[in-house]
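Single-structure report; data block below.
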Amino acid sequence: MPSPDPRPRGRYVVLEGGEGVGKTTQVRRIVDRLGANGIAATPIREPGGDPFAEAGRALLLGDLDREPEAEALLFNALRAQVLHTRVLPALAQGTWVIADRSRLSTIAYQGHGHGLDLAWTRAVCASVTSLCPPDLEIILHVDEATAAQRRADRGTTDRFELLDHGFHRRVVAGYLAEAEECGIPVIDAGGTETEVEAAIWDVLEPLLPARPVLR
Ligand code: T5A
């Protein structure tokens, strides 16, 4: 009989929020900080994460017209792909996965933003994320002016960033409504990168393996 795998399962943590709140920056910082604490961690981003999903990302962020239902389903198809090819294998190896977006993005953008039926959107997302539900989701939130400034500083645009202010307000309101309904932590991401990292770490800390007590 094979001996039990002694490695603890990794944890799957998802950072969420509207455009330019600093998710990518914080994914990198949290991966590095986990590494500094002796915990293997890998970043992924959605849409994307493996060659097939990155090809799908180009389609989704490109400017071909599409129906919102098709868009929501394609985000979820690519999610299923990376859950199988990247997330589940990493977790099984004991590696933490720190993700830039997942199901809440579809609920906020395609559901609240584009007005898809929320029950349908949630059900589609749930059918995919049930493959591997996140251990923790965190929503980063900044005021509109700060987010706009950060996007301008970064200087790139894709089809979602070009959508009107009303769309982005519905997305942000959608995130906050989901947070309220599902008890998801919302972090004020208006501080410095170091301050935001510390706030995320506080929320994530209970997931860390207990250190042996030295006597
Ligand atoms: N989408 C995605 C859907 O519609 N449905 C879905 O299901 C999914 C999964 C993805 C797009 O797809 C949509 C949502 C998105 O529109 P993306 O390129 O991955 O596209 O876009 P974002 O995830 O929004 O990434 P952004 O790069 O726009 O924003 P981030 O990652 O939140 O911000 P970040 O870290 O790149 O920072 C932006 C700038 O601010 C600075 C950074 O240096 C950078 O210049 N910054 C700070 N400055 C001051 N103080 C801080 N604390 C800072 N933190 C970062």
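Atoms within a ligand are numbered from 1 in the order they appear, just like the ligands themselves.
Using a cut-off of 4.0 Å between Lys/Arg side-chain N and Asp/Glu carboxylate O, R28 and E197 are scored as not salt-bridged. For E19 and R150, the salt-bridge test fails: no basic side-chain N is under 4.0 Å from an acidic carboxylate O. Taking the charged nitrogens against the carboxylate oxygens, R45 and D100 have no contact shorter than 4.0 Å, which rules out a salt bridge.
Checked by distance only, ligand 1 and P47 stay at 3.5 Å or farther apart across all their nitrogen or oxygen atoms. Looking at ligand 1, you'll find an N or O of V21 within less than 3.5 Å of one of its N or O atoms. In terms of polar-atom proximity, defined here as any N/O pair under 3.5 Å, Y109 makes no such contact with ligand 1. Between G191 and ligand 1, an N or O atom pair is found at a separation short of 3.5 Å. When only interatomic distances are considered, the shortest N/O to N/O separation between S102 and ligand 1 does not fall below 3.5 Å.
Looking at E193, R29, E71, Q110 and measuring to atom 43 (O) of ligand 1, the nearest heavy atom belongs to E193. For atom 32 (O) of ligand 1, the nearest non-hydrogen atom from the set E16, Q26, Q149, K23 belongs to K23. Of the listed residues (R150, E46, R28, R57), the one carrying the non-hydrogen atom nearest atom 50 (N) of ligand 1 is R150.
Short contacts between ligand 1 and T192, defined as distances under 4.0 Å to a heavy atom of the residue, involve ligand atoms 52 (N). The atoms of ligand 1 that sit less than 4.0 Å from any heavy atom of T25 are 34 (P), 35 (O), 37 (O), 42 (C), 55 (C). Those atoms of ligand 1 that come under 4.0 Å of a heavy atom in T24, given as number and element, are 30 (P), 31 (O), 35 (O), 36 (O). The ligand atoms of ligand 1 that sit less than 4.0 angstrom from a heavy atom of E19 are 14 (C), 15 (C), 16 (O), 24 (O), 28 (O). The ligand atoms of ligand 1 that sit less than 4.0 angstrom from a heavy atom of R79 are 7 (O), 9 (C).
Defined by atom type and a distance below 3.5 Å, a donor-acceptor pair is present between the side-chain atoms of T106 and R79. Under 3.5 Å, the side chains of H168 and E144 contain no donor-acceptor pair of N or O atoms. For the residue pair R101/Y109, the side-chain donor-acceptor check at 3.5 Å is satisfied. A donor-acceptor pair shorter than 3.5 Å can be found between the side chains of E16 and S105.
Atom CD1 of I39 and atom OG1 of T95 lie 11.0 Å apart (nearest 0.5 Å).
Remark: distances from the non-hydrogen atoms of R151 to ligand 1 are all 4.0 Å or more. Ligand 1 is never approached by G17 to a heavy-atom distance shorter than 4.0 Å.
Across all non-hydrogen atoms, the minimal contact from P206 to D202 is CD-O, 3.6 Å. Smallest separation of non-hydrogen atoms from T85 and D50: OG1-OD2, 2.8 Å.
Neither the backbone nor the side chain of R45 has any atom closer than 4.0 Å to an atom of ligand 1 (non-hydrogen atoms only). Counting heavy atoms under 4.0 Å from ligand 1, residue L61 touches it through the side chain alone.
Ring centroid separation for the pair F167 and H114 comes in under the 6.0 Å cut-off.
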